[in-house]
Amino acid sequence: MNGPRVLIIIQNLWVPFDRRVWLECKALVASGYDVTVVCPKGPGDPSYQVIDGVTVHQYKAYAPGGSKVGFVTEYAYSFLMTLRLVLRARKAGKFQVMQACNPPDIFWPIAMLLRRLDGTKFVFDHHDLCPELFQSRFGGTTSLPYKGLRFLERMTHRKADHVISTNDSYRRIAITRSGKANHDVTVVRTGPDPDKLRRGGADESLRRGHRYLVTYIGVMGPQDGVDIVVRAADHIVNKLGRTDVAFTLMGGGDSFDDVVALRDELGLGDHVEFTGRVPDETVRAVMSTADLGLSPDPKNPLNDVSTMNKTMEYMAFELPVVAFDLIETKVSAEDAAVYVEPNDVAQYGEAIVDLLDDEVRRRRMGKLGRERVERVLAWNHQRKAYLEVYDQLTGHVSHVGDVARATGS
């Protein structure tokens, strides 16, 4: 491929499992860019592979745990492994653009090295607020780790030639907290692909003998609220006596073992199923059968201003959503969700039951969510802004219509 060479670095996921980054990769390839990704290995991945025209260099992931020391160790290891693979990938030619995706905010020194060696431009794809992530997990804004994360965020923003923000709240932070110019920050939402995420036929066996099926998909970390789902299920089953509701929770993370143990402690084994990470076929089957989707992210400094991918995926599958009253969740879902007083477990459980008992309302909300995905949130509406960033930095000319046909979206 003779187009501009682009390097994309991610640390917390891998391609094509990271759906946002994979959509970006496909858009760039379809537009004539030569794309290389450096990331950890997924299950069974080799160290090197080419997937749909994207060159992928991968290292063995290392995650010693969710403690402060564990994060530092993990990120130091990831930085060194990433640097090694970046230098290996550079042997095939200079990169015109390097894109770093966070978390963490540690890869700007690699961008500075490539800028010095090759004049490489630096794009920062801002997925998470690392200082707020720390604050939400460990509390406080005066500790040395928190201040260090603010420094890394500020340096990443300031060293970037362009910042891509996942929503307007993140864009404001890049401008007001790090001093980026308005014209150097572009919002590119993580829009779902409505052609691939589409409701199909229900598999009634997934209800496991219950009348209703409620689902969760996503990461299961301390800040994700999966424990709230389990406690809400306890309220529904053991306090309200609603034994007609099944819960299927898909995904994994630092809190997985803890929430499974909580499920067992509360005696919810017949109602709450944890699948772990599952293939896309299972996700489609569950989402096509479920009656509603759960976004239990508690209100904290991170979640309030973050866009939750799972919320938009539920909407793509025509599932009404039960969520807490968070700023960016309301921006995404609008009338496709019911909003509960933040962090109130009993209210959350009662909102689930109320919505399950109102089929007409569920169908109306599901239709509104699907329409919002198709008309506003879908990746094909975000892709143009993403490619414009690259075209401006490289002088390349992307033909968005051709890209849309090539990426099938």
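For reference, positions follow the sequence shown, starting with 1.
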Parallel, tilted or perpendicular, judged at 30° and 60°: which one describes the rings of Phe17 and Trp14?
parallel
Using the ring of each side chain (for Trp, its six-membered ring), is Phe256 parallel, tilted or perpendicular to Phe274, with breaks at 30° and 60°?
perpendicular
Using only atom types and a distance under 3.5 Å, with no angle test, would you say the side chain of [X] pairs donor to acceptor with the backbone of [Y]?
X	Y	value
Thr120	Met98	no
Asp161	Val123	no
Gln135	Gly140	no
Arg171	Thr186	no
Asp128	Cys130	no
Lys180	Ala160	yes

Quick test of your reading: applying side chain to side chain donor-acceptor pair (under 3.5 Å), list the pairs with at least one residue in residues 292-302, sequence neighbours left out, ordered by first then second residue.
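Residue pairs with at least one partner in residues 292-302: Ser136-Asn300, Ser295-Thr311, Asp297-Lys310.
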Only pairs at least two apart or in different chains count here, so list each side chain to side chain donor-acceptor pair (under 3.5 Å) that has a residue in residues 209-232.
Arg137-Gln223
Pair Lys196, Asp280 - check salt bridge (Lys or Arg N to Asp or Glu O under 4.0 Å), show working.
CA-CA 10 Å; Lys196 291 187 176 179; Asp280 288 348; over 6 Å; no
Is there a side-chain contact between [X] and [Y] (heavy atoms, below 4.5 Å)?
X	Y	value
Pro109	Phe79	yes
Asp234	Lys239	yes
Met287	Ile217	yes
Ile236	Phe247	yes
Tyr48	Thr55	yes
Lys60	Met81	no
Val230	Leu266	yes

Pairs satisfying ring-ring contact (aromatic ring centres under 6.0 Å, His included), at least one member in residues 300-354, at least two apart:
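Sorted result for residues 300-354: Phe324-Tyr348.
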Can you tell me which residue pairs pass the ring-ring contact (aromatic ring centres under 6.0 Å, His included) test with a partner in residues 156-203, sequence neighbours excluded?
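ring-ring contact (aromatic ring centres under 6.0 Å, His included) check on residues 156-203 returns Phe124-His157, His126-His157, His126-Tyr170.
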Specify the closest pair of heavy atoms between [X] and [Y], including all atoms of both residues, with the distance to one decimal.
X	Y	result
Glu328	Ser306	CB-O, 3.4 Å
Ile175	Val185	CG1-CG2, 4.1 Å
Val15	Cys39	N-SG, 3.9 Å
Ala246	Arg208	CB-NH2, 3.5 Å
Arg158	Ser178	NE-O, 2.9 Å
Tyr59	Ile10	OH-O, 4.4 Å

Please step through salt bridge (Lys or Arg N to Asp or Glu O under 4.0 Å) for the pair Asp193 and Arg383, ending with a clear verdict.
CA-CA 11 Å; Asp193 183 342; Arg383 182 183 52 238; over 6 Å; no
With side-chain contact (heavy atoms from CB on, under 4.5 Å) as the test, pick out the partner of Ile8 among Asp18, Val54, Val56, Leu28.
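Only one of Asp18, Val54, Val56, Leu28 forms a side-chain contact (heavy atoms from CB on, under 4.5 Å) with Ile8, namely Leu28.
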Mind checking the [atom1]-[atom2] spacing from [X] to [Y]? Nearest 0.5 Å is all I need.
X	Y	atom1	atom2	answer
Trp108	Leu113	CH2	CG	12.0 Å
Asn303	Ile327	CG	CD1	11.5 Å
Asp325	Asn343	CG	CG	11.0 Å
Cys101	His127	SG	NE2	4.0 Å
Met365	Leu319	CE	CG	10.5 Å
Glu350	Arg242	CD	CZ	11.5 Å

Side-chain ion pair, Asp291 and Arg207, N-O less than 4.0 Å
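Answer for the salt bridge query: yes.
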Near [X] [atom1], under 6.0 Å, is it more than 12 heavy atoms from other residues, nucleotides or ligands?
X	atom1	value
Asp270	CG	no
Asp335	CG	no
Arg363	CZ	no
Lys159	NZ	no

Please name all residues satisfying side-chain contact (heavy atoms from CB on, under 4.5 Å) with [X], sequence neighbours left out, ordered by chain then number.
X	answer
Thr275	Thr248, Met250, Glu273, Val278
Ala202	Glu204, Thr289
Glu318	Arg199, Arg370

Are Tyr390 and Tyr386 close enough that their ring centres sit under 6.0 Å apart?
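Yes, ring centres under 6.0 Å apart.
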Can you list the residues that meet the side chain to side chain donor-acceptor pair (under 3.5 Å) rule with Thr176, with sequence neighbours excluded?
none
Let me see the working for Arg189 and His381 under side chain to side chain contact (heavy atoms under 4.5 Å, CB included), right down to the final yes or no.
CA-CA 9 Å; Arg189 295 184 176 275; His381 300 300; over 6 Å; no
Listed by chain and number, what are the salt bridge (Lys or Arg N to Asp or Glu O under 4.0 Å) partners of [X], not counting sequence neighbours?
X	value
Glu334	Arg372
Arg150	none
Asp105	none
Asp203	none

Does a donor on one side chain sit under 3.5 Å from an acceptor on the other, for Arg20 and Thr190?
yes
Regarding Thr394 and Gln96, is there a side-chain donor-to-acceptor distance under 3.5 Å anywhere?
no
Could you walk me through whether Val21 and Leu13 pass side chain to side chain contact (heavy atoms under 4.5 Å, CB included), step by step?
CA-CA 9 Å; Val21 175; Leu13 288 174; over 6 Å; no
